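Here the structure comes first, spelled out in structure tokens, and everything after it is commentary.
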Amino acid sequence: MADRKTNEVASLELGLKNVNLERTGDGYFVGSNYPIDARLAKEETEFDLNDPGQSPNARRVRWNQLMRENKGKIDVAAGQRFLADHLDTFENKIDPNERTLCGHIDLSARGSQPWQPPYGIAGAVQSKVTDAAMAEQMSLTSALGHACGIHFRAAEHLVRHPEFAWQKDNLRDMPSRPWTTFTSAR
Ligand SMILES: [Zn+2]
């Protein structure tokens, strides 16, 4: 959450037993499907916060790297770059897979356990970025498909990974579309 009038951002982690609210006027919050609070993680999930190869943990590391490296110069264009980022912090190399902010589980021999099998058809396929000035105008930028420009082609994926043939009748292409600015009607 953000309040552009007070220049404050907040993070609410809403568990069943643990509810954690953090606020800051000069910091940031990031997220990538991990429980933030160690106590909440232990009491309410089976998630291992200490496994750096897990997709949410690897992406958490990358988010914090990008926040440090870009401190004071994060704008909408930077946000768009971050969401198209392909650095795998576990292997420390550029490789679009389940550990990258621009998630490509369908390209990963690991998939994303226990959620997706190897080459499971999932990933980051809709991205949004806004800033305070745009939010004031009820406006945001959004990209459909992978933000990096890589297209998902259903037929090609099924040829390479016939174990998903059962999805054939319903599986569609997910072409990557350009960042587009949306503004509410006044
Ligand atoms: Zn990508």
Side-chain angles (χ1 to χ4, degrees), residues 2 9 11 28-36 47-49 51-71 73-131 134-135 139-168 170-182:
V9 291
S11 163
Y28 67 86
F29 296 106
V30 292
S32 52
N33 305 104
Y34 53 81
I36 301 164
F47 185 76
D48 183 0
L49 281 169
D51 177 356
Q54 282 277 328
S55 161
N57 293 330
R59 289 181 291 143
R60 182 180 199 168
V61 170
R62 185 56 179 154
W63 270 129
N64 286 320
Q65 284 176 351
L66 287 169
M67 293 300 102
R68 268 197 312 276
E69 291 168 6
N70 294 277
K71 186 176 179 181
K73 47 187 179 182
I74 296 172
D75 56 11
V76 168
Q80 293 174 342
R81 282 199 310 277
F82 300 160
L83 291 172
D85 189 82
H86 286 161
L87 188 90
D88 172 349
T89 58
F90 184 72
E91 305 240 5
N92 196 28
K93 68 177 183 186
I94 301 293
D95 177 23
N97 62 44
E98 88 282 17
R99 298 188 189 117
T100 54
L101 297 185
C102 186
H104 293 263
I105 296 170
D106 54 293
L107 298 180
S108 171
R110 295 169 299 272
S112 189
Q113 303 292 342
W115 177 46
Q116 288 288 331
Y119 305 107
I121 300 167
V125 292
Q126 38 114 348
S127 304
K128 283 87 64 184
V129 179
T130 192
D131 65 8
M134 292 184 76
S139 177
L140 57 79
T141 66
S142 183
L144 184 63
H146 290 299
C148 60
I150 295 177
H151 303 300
F152 173 78
R153 303 290 192 207
E156 290 172 17
H157 196 74
L158 294 184
V159 166
R160 280 195 293 270
H161 306 289
E163 65 272 29
F164 298 108
W166 59 274
Q167 298 187 15
K168 186 170 183 293
N170 296 309
L171 192 64
R172 301 281 183 271
D173 289 342
M174 179 75 79
S176 170
R177 308 287 173 81
W179 284 99
T180 305
T181 298
F182 295 86

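Just so you know, these numbers use all the heavy atoms, side chains as well, and skip hydrogens, waters and symmetry mates. Counting convention: from 1, in listed order, for ligands and their atoms alike. Being a predicted model, the structure only gives us computed values, none of them experimental.
- T89 and Q65 are not linked by any side-chain donor-acceptor pair at a separation below 3.5 angstrom, with hydrogens and angles left out of the test.
- With respect to the salt-bridge test (charged N to carboxylate O, under 4.0 angstrom), the residues D88 and R99 qualify.
- Excluding waters, the protein N/O/S atoms found under 2.8 Å from the Zn ion (ligand 1) are H86 NE2, C102 SG, H104 NE2, C148 SG.
- Legend: residues meeting side-chain contact (heavy atoms from CB on, under 4.5 Å) with R177, ordered by chain and number and at least two apart, are L144, P175.
- Contact between Y34 and P56 at its shortest, heavy atoms only, is CD2-O, 3.6 Å.
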Give the table of side-chain donor-acceptor pairs shorter than 3.5 Å for residues 119-130, with sequence neighbours excluded, one pair per line with atom names and distance.
residue	atom	partner	partner atom	Å
Q126	OE1	K128	NZ	2.4
T130	OG1	S139	O	2.8

Identify every side-chain donor-acceptor pair in residues 102-109 under 3.5 Å, counting partners at least two apart or on other chains, and give the distances.
residue	atom	partner	partner atom	Å
H104	ND1	H146	NE2	3.3
H104	NE2	H86	NE2	3.2
S108	OG	E98	OE1	2.9
S108	OG	R110	N	3.0
S108	OG	G111	N	3.2

